[in-house]
Number of protein chains: 2
Amino acid sequence: MIAGMTTPDIETTWSIAQLADEFGLTHRTIRHYEELGLISPERRGTVRVFHRRDRTRLELIVRGKRIGFPLDEIRTIIDMYDETPGESGQLVYLLDQIAARRAELELRRADIDRTLAEMASMEQRCQADLSKLRGAR
Amino acid sequence: MIAGMTTPDIETTWSIAQLADEFGLTHRTIRHYEELGLISPERRGTVRVFHRRDRTRLELIVRGKRIGFPLDEIRTIIDMYDETPGESGQLVYLLDQIAARRAELELRRADIDRTLAEMASMEQRCQADLSKLRGAR
DNA sequence: AGAACGCTTGACGTTGACGTAAACGTAAAG
DNA sequence: CTTTACGTTTACGTCAACGTCAAGCGTTCT
């Protein structure tokens, strides 16, 4: 009856629409990521076929975006994930990259923590003021 | 000799150049923030004079940018800081805003933590591979 | 007086990250 | 066989966040 509706578990490839749906992206966005080389889905004729690798890369992309990285940087980051450098120089380079990103991330986390702390204290003040108002009524 | 070089402690206002320097921004950027209503420095004639309020707002802006917020959102956030709402409705609204931003921030923090964890494990693997290579030589 | 600073306002340019519209291919369903 | 659904490329548009001149004003140093 409805094709592709049953046994979604064994499914090992995805269409652009499925992934767009799953990650809340548009087709255009996904194609854009391909243009920038963030993903490179298989082509069956002209049609894009996405494998698990593409799916996980998309996952990393949206996470990177939530964190606030630009797409270029995201590419270098997710490229780090599935590079398997056998050579020593490459390994050192990768470790450098990791250190750099890590520093950046920790800076951001510190910023977030401070902001969260300030918001907590703001919330305290607000609720104090509010209960004062409620008491005065 | 050099004007404005001595006793920088008592200084309570700043020029655009000083703040640009201090925060690593350009004049254009600061003016842009003013155009968007993120700051509103005093005008002495045509010249901008920045007070401590503007300075702290700039501080919050750059932090917000590091976190990855768009300038619009940053404005609503820093506006929360120095609003003193006497009315109950405003207080509730502010509390809502705080909750929303807070949720967003915690999501980002979770993303960052996961990424940091993955990077840590990547680093482990890399260093293991590296010491293997070094041992084999 | 004149040159040099520092600051100002336009106003157009650029980059990143997509949106959007046009025009077309393909394959199953009615 | 046409419609419908889903997919494709090409190409121009848009919005945010500035960059980059150009031209001018007001002190201050010389």
Side-chain angles (χ1 to χ4, degrees), chain A residues 1-6 8 11 13-51 54 57-58 60-78 104, chain B residues 1-6 8 11 13-51 54-55 57-58 60-78:
Chain A
M1 284 271 129
I2 304 163
M5 191 65 188
T6 50
E11 199 163 25
T13 73
W14 293 265
S15 75
I16 193 172
Q18 289 173 316
L19 290 187
D21 245 54
E22 180 170 352
F23 292 110
L25 305 172
T26 68
H27 300 53
R28 177 67 178 91
T29 300
I30 294 184
R31 282 196 290 263
H32 184 54
Y33 294 160
E34 186 182 358
E35 286 173 15
L36 297 189
L38 292 175
I39 47 180
S40 28
E42 189 202 334
R43 293 303 183 107
R44 223 160 261 173
T46 111
V47 172
R48 271 166 264 253
V49 175
F50 295 81
H51 293 251
D54 305 303
R57 283 181 78 99
L58 264 180
L60 292 174
I61 291 170
V62 303
R63 195 204 291 172
K65 282 210 316 175
R66 272 201 307 263
I67 294 179
F69 284 115
L71 292 180
D72 279 27
E73 205 160 341
I74 292 181
R75 182 180 44 205
T76 79
I77 293 178
I78 63 182
E104 213 174 329
Chain B
M1 285 276 126
I2 304 165
M5 192 63 189
T6 49
E11 200 162 24
T13 73
W14 294 265
S15 75
I16 193 172
Q18 289 173 315
L19 289 188
D21 245 56
E22 180 169 353
F23 293 109
L25 305 173
T26 68
H27 300 51
R28 178 67 180 92
T29 299
I30 294 184
R31 282 197 292 265
H32 184 54
Y33 295 161
E34 185 182 359
E35 287 172 14
L36 296 189
L38 291 176
I39 47 181
S40 27
E42 189 203 332
R43 293 305 182 104
R44 224 160 261 174
T46 110
V47 172
R48 272 165 263 253
V49 175
F50 295 81
H51 293 251
D54 305 305
R55 223 193 72 98
R57 285 181 76 97
L58 263 181
L60 292 173
I61 291 170
V62 303
R63 194 204 291 172
K65 283 209 316 174
R66 272 200 307 262
I67 294 178
F69 283 115
L71 292 180
D72 280 25
E73 205 159 340
I74 292 180
R75 182 181 44 204
T76 80
I77 293 178
I78 64 183

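Chain identifiers are assigned alphabetically (A, B, ...) following the order of the sequence lines, protein sequences preceding nucleic acid strands; residue numbering begins at 1 within each chain. Please read all numbers here as calculations on a predicted model, not as lab measurements.
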(request) Considering just the side-chain nitrogens and oxygens of Lys65(A), establish if one lies under 4.0 Å of OP1 or OP2 belonging to dC18(C). (result) yes

(message) Is there a side-chain contact between Arg48(A) and the phosphate of dG7(D), meaning an N or O under 4.0 Å from OP1 or OP2?
(response) no

(request) Grab the two heavy atoms, one from Ile39(B) and one from Ile61(B), that are nearest each other, plus how far apart they are. (result) CG2-CD1, 4.2 Å

(request) In whole angstrom, give the distance that lies between atom CZ of Phe50(B) and atom C1' of dC7(C). (result) 11 Å

(request) Could you check how far CD of Glu73(B) sits from P of dC15(D), rounded to whole Å? (result) 19 Å

(message) For the OG1 atom of Thr26(B) and the NE2 atom of His32(B), what is their distance to the nearest 0.5 Å?
(response) 10.0 Å

(request) State, to 0.1 Å, how close Val49(B) and Pro41(B) come at their nearest heavy-atom pair, and which atoms those are. (result) O-CB, 3.6 Å

(request) Identify the two heavy atoms, one from Ile74(B) and one from Lys65(B), that lie closest to each other, and give their separation to 0.1 Å. (result) CD1-N, 3.6 Å

(request) To the nearest Å, give me how far apart CG (Leu19(A)) and C1' (dC6(D)) are. (result) 15 Å

(message) How long is the straight-line distance from CZ of Arg44(B) back to OG of Ser15(B), given to the nearest 0.5 Å?
(response) 12.0 Å

(message) Which nucleotide wins on minimum distance to the side chain of Ile16(A), given the candidates dG7(D), dT8(C), dA17(D)?
(response) dG7(D)

(request) Taking only heavy atoms on the protein side, list every residue of residues 21-41 of chain A lying under 4.0 Å from any atom of DNA chain C, sorted numerically. (result) Thr26(A), Arg28(A), Thr29(A), His32(A), Tyr33(A)

(request) Using whole Å, report how far CD of Gln18(B) lies from P of dG6(C). (result) 11 Å

(request) Taking all non-hydrogen atoms of both residues into account, name the closest pair between His51(B) and Trp14(B) and its distance. (result) C-CZ3, 3.7 Å

